[in-house]
Amino acid sequence: EAQVTQNPRYLITVTGKKLTVTCSQNMNHEYMSWYRQDPGLGLRQIYYSMNVEVTDKGDVPEGYKVSRKEKRNFPLILESPSPNQTSLYFCASSLSGQLSGANVLTFGAGSRLTVL
Amino acid sequence: GNSVTQMEGPVTLSEEAFLTINCTYTATGYPSLFWYVQYPGEGLQLLLKATKADDKGSNKGFEATYRKETTSFHLEKGSVQVSDSAVYFCALSDGVNAGNMLTFGGGTRLMVKP
C-alpha cells in the first residue's frame, strides 16, 4: 500500500531532550516536506526537500533540523525541544516539488508531540 | 505573500443539512485551489481541487467553484452525513513557489449530529 509512515505517533518529552521523528514513504517520491499544525493556524511548513541531499527552509524552521540521505526517508530532528514546539506534526510527499494536475501531496497520519 | 482565510468553526449541523464553509484567498498570479479533509486521528486527504477560474471541483458530494472575481473557493454539500464530521482545510498553490507547495487556511471543524 502506498503510504507515508511517521513514528512515533505520540510522544511526551521534556525540554532539552533531543528527539527525532521519522518519516518514510514507499512511493519513490522526490519531494518530501514537514508541517506543523496548530489550532487556528492551519498547517505551516517547517522544511522541505526537493530530492536527496537537497533541503530548504519553510516558513517556520527555527528549532528544527532535517536530513535527506536517502530518497525514502526524511527525519525531523529537534535538537533541544522547547514547550512552544508542542504541536501536531505531519510529513508529506509528492512526485515532484511542483503541484500539477496529477501531482498531489500525500500526508502521513501525524505525530503528536508534547514538550513539558 | 499568499494567504488563505476560512470561517472559524466549529460548524455544527444536523444530518441532511446543507453545508457551506467559506474560503477566500490572496495570491499572486493564478493559483490552484484545494480542499483537504482530516478525519479524526488521520492525516490530510485531498478532497477536491480546481486549477483555473470558473472550474468546479467535486468529490463525494462536495463541490467548490473557483471564483476569481471574488477570490473565493467555498465548499458546499447539499446533505451532510455524520461520517462527514472532520476538519476541512482550504489551501492554495501559486505554482511558482516550488518547494513551499501549499498555503493552508486555519481549518474548519465540522460536527454533524444524527
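The chains referred to below are lettered A, B, ... by the order of the sequence lines, with proteins before strands, and numbering in each begins at 1. Here the structure is a predicted model, which is why all the values come from computation and not from measurement.
Taking a 6.0 Å sphere around CD of B/E16, one finds it holds 12 or fewer heavy atoms contributed by other residues, nucleotides or ligands. The 12-atom threshold is exceeded at CD of B/Q81, counting heavy atoms of other residues, nucleotides or ligands nearer than 6.0 Å.
The distance from atom OH of B/Y36 to atom CG of A/L105, rounded to the nearest 0.5 Å, is 4.5 Å. Rounding to the nearest 0.5 Å places OH of A/Y35 at 9.5 Å from CG of B/L44.
Side-chain contact between A/L43 and B/Q38 is absent, with no heavy atoms from C-beta onward closer than 4.5 Å.
Of the listed residues (A/Q37, A/R9, A/K57), the greatest number of heavy-atom pairs within a distance under 4.5 Å of chain B belongs to A/Q37.
In terms of the ring-ring contact (aromatic ring centres under 6.0 Å, His included) criterion, B/Y66 has no residue partners (sequence neighbours excluded).
Of the two parts of B/Q45, neither the backbone nor the side chain holds a non-hydrogen atom closer than 4.5 Å to a non-hydrogen atom of chain A.
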If you look only at distance, which donor and acceptor atoms sit under 3.5 Å apart when one is on a side chain in residues 105-114 of chain B and the other is two or more places apart or in another chain?
unit_1: B/T108; atom_1: OG1; unit_2: B/Q6; atom_2: NE2; d: 3.0
unit_1: B/T108; atom_1: OG1; unit_2: B/M7; atom_2: O; d: 2.7

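The hydrophobic clustering, which links ILVMFWY residues whose side-chain heavy atoms are closer than 4.5 Å, places A/I46 and A/F90 apart.
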